[in-house]
2 protein chains.
Amino acid sequence: MDVQRLELLRELAERHSVTAVARATHRTPSAVSQQLKVLEREAGLPLTERSGRGLVLTDAGRALARSATDVAVALERATAVWDEFRNRATGEVSLVTFPTAGQMLLPGVLQQLAAHTGLIVKCTDMDPELSDFPALTSDFDIVLAHSMRGQVPWGGRGLTVVPLMTEPLDVGLPTDHRLAGRASVGAADVVGETWIGVPDGFPFERIVHEIEQQGGGRVQVSQRFADMRLVEAFIMAGLGIALVPRYTSGGSQPGRLVLKPLRGVDAERQIVALMRPDRAERLAVRTVIDALRTRAARVQAEHTS
Amino acid sequence: MDVQRLELLRELAERHSVTAVARATHRTPSAVSQQLKVLEREAGLPLTERSGRGLVLTDAGRALARSATDVAVALERATAVWDEFRNRATGEVSLVTFPTAGQMLLPGVLQQLAAHTGLIVKCTDMDPELSDFPALTSDFDIVLAHSMRGQVPWGGRGLTVVPLMTEPLDVGLPTDHRLAGRASVGAADVVGETWIGVPDGFPFERIVHEIEQQGGGRVQVSQRFADMRLVEAFIMAGLGIALVPRYTSGGSQPGRLVLKPLRGVDAERQIVALMRPDRAERLAVRTVIDALRTRAARVQAEHTS
DNA sequence: ACGTCCATGTAGCCAAGCTACACGATGGGT
DNA sequence: ACCCATCGTGTAGCTTGGCTACATGGACGT
């Protein structure tokens with residue numbers, strides 16, 4: 001029973017295609033196919049089935065892939081042991097973020113991690129609109145994702161979830177708005193306004209529905225943007241109001257945008273780090289995660305004081 | 001990070017010698033030495049140290065060997081998964097026993113396991129006097145061992161321990177003995193007798209000391225034997241009395257030996273199965289263990305009714 | 001019906017890991 | 001104090017497992 005082969009099976013379970021596995025593991029499809037065949041012969045029962053053009057795993061294949069994860073975890077834990085003996089995290093850690101979290105956390109994190117020589121962090125940003133967060137864990141060590149409170153759609157998939165911070169979502173208004181003087185606003189105050197929304201399927205969506213229910217009316221959404229800068233620009237131009245994450249707003253032109261807490265509505269988003277459990281064991285990865293957590297805590301502390 | 005190499009390091013941790021590892025893994029010492037060297041180069045820190053003629057592990061080496069066990073467990077669990085998918089335990093299971101336990105349990109176990117085609121159980125017996133039970137787990141899948149109540153000297157070593165049964169230790173008397181009519185005997189009744197003992201270092205020893213303390217005197221030990229048949233022969237010849245495990249006695253010449261429970265003394269031995277944790281995960285091994293447990297339960301039930 | 005994409009065979013190459021043998025070092029036995 | 005058994009470790013050379021390159025056949029979309 002070879003670990004490499006198990007790893008291949010696990011990749012196949014995630015990527016659903018021999019060619020995709022081959023690309024991800026820097027091999028030819030032929031090599032992957034051959035190894036899977038050997039694994040099946042060893043197992044003595046079919047692990048894969050043809051399904052049209054591609055391959056799917058059988059029940060046995062899925063079960064084996066699942067326990068392959070445990071093997072990978074144990075292995076990574078072993079390498080972490082000796083990393084700890086050398087007292088240094090080493091190697092490359094890849095990370096994807098959505099723009100706002102990256103802007104808020106990454107500069108500070110990378111400055112903090114500069115002290116660790118030999119630790120290289122490769123960051124990428126990805127539009128949350130296009131990205132399926134759990135799927136990204138196949139290609140990146142750490143995936144920064146956001147979700148609404150309580151809602152953890154990635155628990156069941158066997159992924160490791162590390163909560164980083166919960167960020168309140170406020171209502172962003174232009175400084176000359178009629179509500180700009182209030183300390184906070186309620187659903188009834190804002191339900192009649194023109195809104196700038198987020199693309200369909202975004203977690204914020206649920207909050208807008210809640211405002212409609214509590215405020216008793218229909219929200220008018222004039223535009224839908226994924227990029228917060230764009231949203232803020234529209235607010236400041238007086239073209240509508242919008243939900244804005246509290247810690248990441250402003251920056252561009254302070255003084256022309258005010259944020260008002262939303263009373264009576266559970267308006268928070270959780271920012272979490274998502275990882276494949278084996279990746280989460282690496283000392284280098286854990287070091288980055290620690291830096292992310294301390295940085296997130298500091299950001300939150302700075303805003304509450 | 002290769003699993004094979006980790007396995008080698010783990011074997012080295014158990015056997016304390018490259019040549020021993022080579023013998024156990026059917027390789028030349030040179031091959032083992034080379035692989036360990038590669039592992040050290042990968043780790044970037046020394047894992048072994050010369051100590052006279054042999055090798056000892058450094059702290060880092062021991063830590064790594066420990067986590068190598070977790071890897072092995074995960075791997076065996078994976079193969080167990082597919083064994084379960086085929087619904088049959090297969091392969092060879094090696095087992096060592098001390099004579100009395102083997103006599104009591106193994107025939108029934110092997111009869112029960114005859115139903116499992118493809119499952120081969122290789123049994124060996126070994127004099128408990130000569131054997132270091134924990135050390136035997138390096139060479140056998142299952143080690144049947146005995147110990148006194150509460151006393152579990154093999155807990156700390158990271159071995160898997162499965163309790164099979166607790167067997168009372170009675171006082172064996174010839175039928176014409178002056179105490180043969182009693183329902184039970186106390187320490188004071190037997191402390192003045194001539195005893196047949198067990199070799200030094202045997203767990204029974206502690207009970208003899210307890211008899212001396214409670215009975216208030218010194219026990220006279222005329223002979224020391226490891227084999228119970230021999231002990232029983234001496235008892236029946238009127239040459240002394242001895243502690244005899246209740247379930248395994250008799251058989252040879254019933255009617256010339258009687259057993260009397262010992263009042264006020266904690267005279268029991270525990271029979272347990274000892275395994276290396278990775279071996280314990282194999283479905284074949286677990287099947288044999290299950291058979292041992294049901295057989296042990298039946299033996300115990302037959303004697304109490 | 002055609003082209004494209006996918007999985008999978010076959011031949012051949014490369015490297016990892018083994019054996020065989022030799023050498024220096026250590027420690028017990030006489 | 002010597003000798004010799006034993007242990008770990010180098011070096012040379014072979015075997016084999018796993019890869020690439022290329023070819024083949026089946027499934028889907030247009």
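Letters A, B, ... mirror the listed sequences (proteins, then strands); counts begin at 1. Worth saying up front: this structure is predicted, and the values here are computed from it rather than measured.
- The CD atom of B:Glu49 sits 17 Å away from the C1' atom of D:dC7 (whole-angstrom rounding).
- Both A:Gln34 and B:His16 lie close to DNA chain D; mapped to their nearest nucleotides by heavy-atom distance, the more 5′-ward contact belongs to B:His16.
- Side-chain contact, B:Glu49 with B:Thr58: no donor N or O sits under 3.5 Å from an acceptor N or O.
- Heavy-atom neighbours of B:Glu92 CD from other residues, nucleotides or ligands within 6.0 Å: above the threshold of 12.
- Regarding contacts with the backbone of D:dG8, a side-chain N or O of B:Ser17 is found under 4.0 angstrom from either OP1 or OP2.
- Across all strands, A:Thr19 comes closer than 4.0 Å only to sugar-phosphate atoms, never to a base (heavy-atom distances).
- Each of A:Leu8 and A:Arg50 was matched to the nucleotide of DNA chain D holding its nearest heavy atom; the match closer to the 5' end belongs to A:Leu8.
- The base of D:dA21 sits within donor-acceptor range of the side chain of A:Ser30, with an N or O pair under 3.5 Å.
- Read 5' to 3', the first and last nucleotides of DNA chain C with an atom closer than 4.0 Å to a heavy atom of chain B are C:dG17 to C:dG27.
- The environment of CD in A:Glu42 is crowded: more than 12 heavy-atom neighbours from other residues, nucleotides or ligands sit within 6.0 Å.
- A salt bridge links B:Arg15 to B:Asp139: one of the charged nitrogens lies within less than 4.0 Å of a carboxylate oxygen.
- A salt bridge does not link A:Glu40 with A:Lys37: none of the charged nitrogens is closer than 4.0 Å to a carboxylate oxygen.
- Residue A:Arg27 places its side chain closer to D:dC19 than to any other of D:dT20, D:dC19, D:dG18.
- Rounded to whole angstrom, the span from the CD atom of B:Glu40 across to the P atom of D:dG10 amounts to 11 Å.
- Distance, B:Arg53 CZ to D:dC7 C1': 7 Å, rounded to whole Å.
- Partner of A:Met275 under the side chain to side chain contact (heavy atoms under 4.5 Å, CB included) criterion, chosen from A:Val143, A:Val285, A:Val161: A:Val285.
- Atom CZ in A:Arg41 sits about 10 Å away from atom P in D:dG18, given to the nearest Å.
- Residues A:Ser17 and A:Thr19 have side chains that bring a donor and an acceptor to within less than 3.5 angstrom of each other.
- Between B:Lys37 atom NZ and D:dT9 atom P the separation is 6 Å, expressed in whole Å.
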